[in-house]
Amino acid sequence: MPMLRPMEPARDYPLFGGAFSAVLPAGAVDVSDLRPVPDNQEVFCHRAIDQSLIVELLELQTHVRGEEAARYHFEDVGSVQGARAAQVEAVRPLPLENLALGGCCQEAWVLSGKQQIAKENQQVAKEVIVHQALLRLTQYQTDILLTFNQPPPENSSLGPENLSSPPWSLGDFEQLVTSLTLHDPNIFGPQ
C-alpha cells in the first residue's frame with residue numbers, strides 16, 4: 001500500500017498538471033497516490049476523518065442556468081454516486097470579485113445539501129453533508145465543480161488519535177474555492 005503523504009497548506013498547490021493551482025487545507029492527501037482518479041478530477045481526502053475535496057472540470061451544461069445549474073450538478077453527482085436520497089438545503093450566488101477566477105468566470109454558485117450514500121462494499125447508506133461551488137467558464141465551455149464532502153457532526157470519529165489533524169471547515173473549502181487560479185488555458189483545448 002502506498003504511504004500516505006499528507007500535504008501541509010501551501011500556496012499555489014498545482015492541480016491538473018499545473019494548469020490550475022489552489023490552497024489546500026492541512027492534512028490533505030492526494031487520492032491519486034492511492035487509486036486511479038479520472039483525468040478531469042483532482043481528489044483529496046483528510047488523513048484521519050471521512051472528509052474529501054474534489055475539483056472537477058466538466059462540460060458546460062448550457063441547458064441549465066443560474067441556481068438551476070448548481071442544482072443540476074448536485075443531482076448529477078448524487079446519481080453517479082448512487083445516492084439513495086438527496087436534499088438541497090441552500091443555494092446562493094457567489095460574488096465573482098471574491099474569486100481568483102473572477103476574471104474568466106461568468107457566474108458562480110454555492111450549494112449545501114445532504115445525500116444518503118453507501119460507500120463501496122457497504123450496504124448501509126450514510127448521510128453525507130455536501131457543499132459545492134459551481135464556477136461557470138463559458139468562454140472555455142467548462143463548468144468547474146468543487147465539492148466538499150463531510151459526515152454530519154454526530155457521525156465524526158474525533159477520538160484522541162485524530163486530535164493532531166483537526167477536521168476541515170467550511171472556511172477551508174472557501175479558501176480552496178476562492179484561491180483556485182488558472183495558469184494555462186490550453187488545458188481546455190483550442191479555443
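Inter-residue side-chain proximity for V110 and V91 is flagged as unmet; no heavy-atom pair is nearer than 4.5 Å. Contact of the F148 side chain with the L176 side chain is not registered, since no non-hydrogen atoms from C-beta on lie closer than 4.5 Å. Two residues are said to be in side-chain contact when any heavy atoms from C-beta on lie closer than 4.5 Å; L101 and I144 meet this criterion. Proximity of Q115 to E127: side-chain heavy atoms (C-beta onward) are nowhere separated by under 4.5 Å.
The two residues I187 and A19 make their nearest non-hydrogen contact at CD1-CB, 3.6 Å. Heavy atoms only, all atoms of each residue included: C105 and L99 are closest at SG-CD1, 4.2 Å. When all heavy atoms of L57 and F16 are compared, the closest pair comes out as CG-CZ, 3.8 Å.
The side-chain contact (heavy atoms from CB on, under 4.5 Å) check on P36 picks up nothing, with sequence neighbours excluded. Here S169 pairs with D172 under the side-chain contact (heavy atoms from CB on, under 4.5 Å) rule; sequence neighbours left out.
Chaining together hydrophobic side chains whose heavy atoms lie under 4.5 Å apart places V43 alongside V31, V37, I54.
To the nearest 0.5 angstrom, C45 atom SG is 6.0 Å from L34 atom CG. Summarising the geometry, atom CG belonging to D50 is positioned 8.5 Å from atom CG belonging to N149; distances are rounded to the nearest 0.5 Å. Remark: L137 CG to L182 CG distance equals 7.5 Å, nearest 0.5 Å. One distance of note links CG of L24 with CD of E42; it measures 9.0 Å at 0.5 Å rounding. L180 CG to F20 CZ: the interatomic distance, rounded to the nearest 0.5 Å, is 5.5 Å.
For W168 (side chain) and A26 (main-chain N/O), a donor-acceptor pair under 3.5 Å exists by modelled atom type. Here the side chain of S79 pairs no donor or acceptor atom with the backbone of E75 at under 3.5 angstrom. Side-chain atoms of T142 come within 3.5 Å of backbone atoms of Y140 as a donor-acceptor pair (strictly under, hydrogens ignored). Looking only at distances, a side-chain donor or acceptor of Q141 sits under 3.5 Å from a matching main-chain atom of T138. With hydrogens and angles ignored, the 3.5 Å screen pairs no side-chain donor or acceptor of S32 with any backbone N or O of D30.
Applying the side chain to side chain donor-acceptor pair (under 3.5 Å) definition to pairs two or more places apart or across chains, none involves residues 92-105. Pairs engaging residues 73-117 under the ring pair (Phe, Tyr, Trp, His ring centres under 6.0 Å) rule: none recorded [sequence neighbours left out].
The hydrophobic cluster containing L60 does not contain Y72, counting ILVMFWY residues as joined when their side-chain heavy atoms lie under 4.5 angstrom apart, directly or transitively.
Taking the six-membered ring for Trp and the full ring otherwise, Y13 and F44 have centroids separated by under 6.0 Å.
Around the CD atom of E107, the shell of radius 6.0 Å holds more than 12 heavy atoms that belong to other residues, nucleotides or ligands. Within a 6.0 Å radius of CG in D39, no more than 12 heavy atoms belonging to other residues, nucleotides or ligands are found.
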**OP:** Please assess L58 against N40 for the test side-chain contact (heavy atoms from CB on, under 4.5 Å), listing each intermediate value before the final yes or no.
**Re:** CA-CA 7 Å; L58 302 168; N40 71 317; 3.6 Å; yes
Original post:
For C104 and Q139, what are the C-alpha separation, side-chain angles and deciding distance, and is it a side-chain contact (heavy atoms from CB on, under 4.5 Å)?
Top reply: CA-CA 8 Å; C104 60; Q139 76 271 35; 3.0 Å; yes
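With hydrogens and angles left out, the side-chain atoms of H183 and S21 include a donor and acceptor closer than 3.5 Å.
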Which pairs of donor and acceptor atoms, one on a side chain in residues 129-136, lie under 3.5 Å apart (sequence neighbours left out)?
{"residue": "H131", "atom": "ND1", "partner": "S112", "partner atom": "OG", "Å": "3.0"}
{"residue": "H131", "atom": "NE2", "partner": "Q150", "partner atom": "NE2", "Å": "3.4"}
{"residue": "Q132", "atom": "NE2", "partner": "T147", "partner atom": "OG1", "Å": "3.4"}
{"residue": "R136", "atom": "NE", "partner": "D143", "partner atom": "OD1", "Å": "2.7"}
{"residue": "R136", "atom": "NH1", "partner": "V64", "partner atom": "O", "Å": "2.9"}
{"residue": "R136", "atom": "NH2", "partner": "Q61", "partner atom": "O", "Å": "2.7"}
{"residue": "R136", "atom": "NH2", "partner": "D143", "partner atom": "OD1", "Å": "3.4"}
{"residue": "R136", "atom": "NH2", "partner": "D143", "partner atom": "OD2", "Å": "3.1"}

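Using a 4.0 Å cut-off between charged side-chain N and carboxylate O, E67 and R71 make a salt bridge.
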